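Structure, as structure tokens:
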Amino acid sequence: QVQLVESGGGLVQAGDSLRLSCAPSGRTFSGYAMGWFRQTPGKEREFVGSISWYGGKTYYADSVKGRFTISRDNAKNTVYLQMNSLKPDDTAVYYCAAGSVTSSPLAYAYWGQGTQVTVSS
């Protein structure tokens, strides 16, 4: 049961950009914050950033500040993660989630299936 669907991942070179999209599937998430997380096999799921429903306030992990930007298009019911200046360390499966505007994955109740981002050196 997937309530959110991510897309836009792929294989790129270091320094390139990617734009990930996250859209609801079968329901809306009005009033929910949207978060982006990433995970590498064998590691904990890592907070990337989030955007609040009210006011569109954004938050970012230190590791991506200045490079990644989260935005929201209410007309399309879609949240985006614009990733610039990608590094090999950014390689991971990226997930979007709906929940509270916090860095803890435990606060997010709804998740997408993930999309793979691979950055070659």
Side-chain angles (χ1 to χ4, degrees):
Q1 70 223 71
V2 178
Q3 288 84 27
L4 297 166
V5 179
E6 306 97 334
S7 62
L11 173 63
V12 298
Q13 298 183 76
D16 285 354
S17 298
L18 277 176
R19 189 192 194 194
L20 305 184
S21 300
C22 175
S25 177
R27 61 161 292 174
T28 61
F29 288 92
S30 298
Y32 286 82
M34 299 297 299
W36 285 96
F37 296 80
R38 64 188 183 186
Q39 187 167 27
T40 300
K43 299 181 66 177
E44 294 288 325
R45 190 160 294 187
E46 176 189 12
F47 172 76
V48 174
S50 63
I51 184 167
S52 67
W53 175 262
Y54 301 102
K57 188 175 180 64
T58 55
Y59 304 84
Y60 300 97
D62 289 341
S63 60
V64 305
K65 284 182 180 178
R67 299 189 298 120
F68 291 10
T69 303
I70 297 173
S71 61
R72 180 181 64 208
D73 188 333
N74 291 337
K76 298 180 180 179
N77 299 119
T78 302
V79 176
Y80 303 96
L81 179 65
Q82 178 67 47
M83 304 185 294
N84 298 326
S85 301
L86 283 163
K87 307 174 181 179
D89 285 348
D90 295 319
T91 296
V93 176
Y94 283 72
Y95 300 88
C96 68
S100 298
V101 57
T102 176
S103 61
S104 174
L106 299 178
Y108 293 81
Y110 306 97
W111 294 81
Q113 82 288 355
T115 185
Q116 177 70 46
V117 172
T118 302
V119 185
S120 63
S121 60

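The model shown is predicted, which means the values in this text are computed figures rather than measured ones.
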| said: Less than 4.5 Å apart, side chain to side chain, heavy atoms only: is that true for L20 and Y95? | reply: no
| query | Counting only N and O atoms by type, is there a donor-acceptor contact under 3.5 Å from the side chain of T115 to the main-chain atoms of Y94? | reply | no
| said: Tell me if a side-chain donor or acceptor on T102 pairs with a main-chain N or O of S100 at a distance below 3.5 Å. | reply: no
| message | Once salt bridge (charged side-chain N to carboxylate O under 4.0 Å, His left out) is applied, do any residues pair with K57, and if so which ones, sequence neighbours excluded? | response | none
| task | Starting from the C-alpha separation in whole Å, work towards a yes-or-no answer on side-chain contact (heavy atoms from CB on, under 4.5 Å) for R67 and Y60. | result | CA-CA 10 Å; R67 299 189 298 120; Y60 300 97; over 6 Å; no
| Hey, are the side chains of V79 and I70 touching, using non-hydrogen atoms and a 4.5 Å cut-off? | yes
| task | Identify, with sequence neighbours excluded, every residue that meets side-chain hydrogen bond (donor to acceptor under 3.5 Å, both in side chains) alongside S103. | result | none
| message | To the nearest 0.5 Å, what is the distance between OG on S21 and CG on L4? | response | 12.5 Å
| field | Side-chain donor/acceptor of Q39 to backbone N/O of A92, under 3.5 Å | value | no
| Does the side chain of L86 come within less than 4.5 Å of Q13's, by heavy atoms? | no
| query | What's the shortest heavy-atom distance between S121 and P88, and which atoms? | reply | CB-CG, 3.9 Å
| said: Check whether Q3 reaches the backbone of P24 with its side chain - one donor and one acceptor, N or O, closer than 3.5 Å. | reply: no
| By side-chain hydrogen bond (donor to acceptor under 3.5 Å, both in side chains), which residues pair with T40, not counting sequence neighbours? | none
| task | Could I get the full list of ring pair (Phe, Tyr, Trp, His ring centres under 6.0 Å) partners for Y108, not counting sequence neighbours? | result | F37
| task | Using side-chain hydrogen bond (donor to acceptor under 3.5 Å, both in side chains) as the criterion, list what pairs up with Y80, not counting sequence neighbours. | result | none
| field | Shared-cluster residues of Y54, by chain and number - hydrophobic side chains joined below 4.5 Å | value | W53
| query | Looking at side-chain heavy atoms only, is the closest gap between W111 and R45 below 4.5 Å? | reply | yes
| query | Partners of D73 by side-chain hydrogen bond (donor to acceptor under 3.5 Å, both in side chains), sequence neighbours excluded? | reply | none
| message | Per the disulfide bond (SG atoms under 2.5 Å apart) rule, what does the pair list look like for residues 7-121, sequence neighbours excluded? | response | C22-C96
| query | Who are the salt bridge (charged side-chain N to carboxylate O under 4.0 Å, His left out) partners of R38, not counting sequence neighbours? | reply | E46, D90
| Residues in side-chain contact (heavy atoms from CB on, under 4.5 Å) with E44, at least two apart? | none
| Short side-chain to backbone donor-acceptor contact, T69 and Q82, under 3.5 Å | no
| Is any side-chain heavy atom of M83 closer than 4.5 Å to a side-chain heavy atom of V12? | no
| field | Residues that Y32 engages under ring pair (Phe, Tyr, Trp, His ring centres under 6.0 Å), provided they are two or more places apart | value | F29, Y110
| request: Kindly compute the distance separating CZ (R19) from CG (L81), expressed to the nearest 0.5 Å. | output: 10.5 Å
| query | Can you list the other members of the hydrophobic cluster that holds L11, where links are side-chain heavy atoms under 4.5 angstrom apart? | reply | none
